Amino acid sequence: MKIGFIGLGNMGSPMAGNLIKAGHDLVVFDLVEASVNMLLAQHPGKASAAASPRMLAGAGMDLIITMLPASQHVKAVYLGPEGLLANVPQRMALIDSSTIDPQTAREVASLSASQGNVMLDAPVSGGTGGAEAGTLTFMVGGNEADFDRFKNIFSKMGKNIVYCGASGNGQVAKVVNNMLLGISMIGTAEAMSLGVSLGMDPKILAGIINTSSGRCWSSDTYNPYPGVLENIPSSRGYTGGFGADLMLKDLGLAAEAAKLAKQPIPLGSLAQQIYQTFSMQGNGALDFSAIINLFRKK
Ligand code: NAD
């Protein structure tokens with residue numbers, strides 16, 4: 001397939017790389033020229049660059065994938081006279097893998113459909129490690145027949161490909177899961193800190209939680225207490241992993257979506273405020289499990 005790929009950041013670059021390795025012909029674009037040049041250098045002769053989304057839209061693609069930071073960047077790439085929607089030929093397939101609010105995903109997909117094009121929202125989880133290894137989880141919203149048509153493409157970048165229902169539902173699944181993760185990480189951090197300050201050994205405490213009813217992913221796979229588990233951010237100074245600012249972004253998306261749905265999320269909102277405080281103190285680049293530092297004596 002001839003695939004256009006826009007957004008060659010931490011996630012997009014390895015995802016595009018996996019499509020190239022699978023034998024697809026890529027045309028790429030990013031605002032940062034150095035990112036484009038790096039991808040082209042990593043895969044000599046296997047990809048080319050477009051000068052803008054408009055040029056890419058007119059370059060005879062079978063499919064265009066976008067992987068952008070947030071809603072405003074998705075709107076900038078898709079909408080307006082220079083955007084994808086105004087410039088792609090009819091029946092173009094578009095997949096947005098950025099994490100954005102479900103409402104914007106639905107608006108852009110509906111505009112796309114009104115012009116006779118196909119659009120899927122397909123946010124991912126699995127981080128940069130999953131993007132490199134081609135083991136991402138894709139949560140996909142849109143028409144099921146379109147999902148079936150592109151499942152094979154998703155499988156070149158991920159290994160868990162889930163159809164979530166109508167347009168925007170991929171973003172719903174992503175945002176709801178990450179809200180729960182933010183809440184459960186704060187809960188685990190609070191419980192571990194309390195137990196240790198009351199005299200428990202952190203490893204023994206984690207062992208008990210992980211064989212009892214308090215067990216969750218934040219306690220058994222990504223425990224925030226340093227030294228409990230090896231090879232995770234809490235055991236290497238909270239470097240690498242999933243940044244606290246990215247968690248804050250996803251909690252903001254959940255809050256936004258909840259407001260529109262008039263749905264209460266008291267713990268989600270509290271988690272957002274806690275991460276906001278943590279970020280304001282200059283910790284946004286640390287892994288999100290570093291939130292435990294709010295509860296531990298220096
Ligand atoms: P990033 O900031 O590293 O990359 C985004 C890229 O988009 C950059 O290269 C930027 O130059 C480019 N860009 C921005 N505006 C553009 C425009 N108008 N036209 C063309 N290119 C433009 O971000 P990332 O870490 O790759 O994340 C991408 C998305 O995936 C985000 O929505 C993020 O929330 C989500 N996500 C990230 C992770 C992670 O661990 N990094 C995990 C899961 C999901």
Side-chain angles (χ1 to χ4, degrees), residues 4-18 26-40 42 49-57 64-87 94-102 104-105 108 121-140 154 157-158 160 170-171 173-179 181-182 222 232-233 238-254 256-257 275 284-289:
F5 202 107
I6 301 182
L8 301 172
N10 294 325
M11 298 292 287
S13 183
M15 288 164 71
N18 282 331
L26 260 69
V27 180
V28 299
F29 174 71
D30 193 290
L31 286 180
V32 179
E33 218 180 303
S35 305
V36 173
N37 291 339
M38 198 192 295
L39 186 92
L40 299 188
Q42 280 165 355
S52 66
R54 184 167 63 82
M55 301 294 273
L56 191 146
I64 298 175
I65 300 175
T66 50
M67 190 53 166
L68 300 159
S71 302
Q72 69 267 29
H73 309 95
V74 170
K75 284 182 178 166
V77 166
Y78 280 84
L79 310 181
E82 294 297 307
L84 289 177
L85 296 189
N87 294 290
L94 303 156
I95 295 176
D96 181 37
S97 279
S98 325
T99 301
I100 63 169
D101 64 283
T104 299
V108 178
D121 51 293
V124 302
S125 67
T128 50
E132 294 279 353
T135 56
L136 293 169
T137 291
F138 280 87
M139 294 152 268
V140 188
F154 289 124
M157 301 178 281
N160 190 19
Q171 300 292 355
K174 165 82 185 171
V175 156
V176 165
N177 176 68
N178 277 20
M179 181 182 81
L181 174 62
Y222 214 82
I232 58 167
Y238 302 100
T239 54
F242 183 54
D245 272 349
L246 282 177
M247 173 53 81
L248 180 59
K249 173 197 162 193
D250 291 355
L251 289 166
L253 294 177
E256 200 57 37
Y275 273 102
L286 293 178
D287 178 73
F288 81 113
S289 64

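All values reported here derive from a predicted model rather than from experimental measurement. One-based numbering, in listed order, for ligands and for the atoms of each.
When non-hydrogen atoms are compared, ligand 1 lies under 4.0 Å from the side chain of Leu246 (C-beta onward) but not from its backbone.
The protein heavy atom nearest to atom 30 (O) of ligand 1 is Met67 CE, 3.1 Å. At the top of the distance list for atom 2 (O) of ligand 1, counting protein heavy atoms only, stands Pro69 CG, 4.1 Å. Remark: minimum distance from atom 40 (O) of ligand 1 to any protein heavy atom is reached at Gly127 CA, 3.6 Å. Protein heavy atom closest to atom 4 (O) of ligand 1, with residue, atom name and distance, is Gly9 CA, 3.2 Å.
Checked by atom type, the side-chain pair Tyr222/Asp287 shows a donor-acceptor distance below 3.5 Å. With no hydrogens or angles considered, a side-chain donor-acceptor pair links Asp101 and Ser71 at under 3.5 Å.
Inclusion of Asn10 in the set of residues having an N or O under 3.5 Å from an N or O of ligand 1 is warranted. Between Thr99 and ligand 1, an N or O atom pair is found at a separation short of 3.5 Å. At least one N or O atom of Leu68, backbone or side chain, sits closer than 3.5 Å to an N or O atom of ligand 1. Between Lys249 and ligand 1, a contact under 3.5 Å exists for at least one N or O pair. For Met11, a nitrogen or oxygen atom sits less than 3.5 Å from a nitrogen or oxygen atom of ligand 1, counting backbone and side chain alike.
Within the 4.0 Å cut-off (strictly below), a protein heavy atom is located near atom 32 (O) of ligand 1.
Annotation: salt bridge (charged side-chain N to carboxylate O under 4.0 Å, His left out) contacts involving residues 4-15, sequence neighbours excluded, are absent.
In this structure a side-chain-to-backbone donor-acceptor pair under 3.5 Å is missing from Glu132 to Pro14. Panel note: side chain Ser98, backbone Pro69; no donor-acceptor pair is recorded below 3.5 Å. Asp121 places no side-chain N or O within 3.5 Å of a backbone atom of Ala105 that could act as its donor or acceptor partner.
The shortest side-chain heavy-atom distance between Val108 and Asp96 does not fall under the 4.5 Å cut-off. Ser125 is not listed as a side-chain neighbour of Asn177, based on a closest heavy-atom distance of 4.5 Å or more. Counting heavy atoms from C-beta outward, Ser97 and Met15 have side chains that approach closer than 4.5 Å.
Interface atoms of ligand 1 facing Phe29, defined by a heavy-atom separation under 4.0 Å, are 19 (N), 20 (C). Under a 4.0 Å criterion applied to the non-hydrogen atoms of Lys174, ligand 1 contributes the atoms 43 (C), 44 (C). Contact atoms of ligand 1 toward Ile6: 20 (C) (distance under 4.0 Å to a heavy atom of the residue). Those atoms of ligand 1 that come under 4.0 Å of a heavy atom in Gly7, given as number and element, are 7 (O).
Compare Val124, Val32, Leu31, Asp30 by their heavy atoms: the one nearest to atom 6 (C) of ligand 1 is in Asp30. The closest heavy-atom contact to atom 18 (N) of ligand 1, among the options Val77, Thr128, Leu56, comes from Val77.
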Sequence neighbours left out, cut at 3.5 Å: what donor-acceptor pairs do the side chains of residues 241-248 make with other protein atoms?
{"from": "Asp245", "atom 1": "OD1", "to": "Ser279", "atom 2": "OG", "distance (Å)": "2.6"}

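No option in Leu84, Leu94, Ile95 other than Leu84 meets the side-chain contact (heavy atoms from CB on, under 4.5 Å) test with Thr66.
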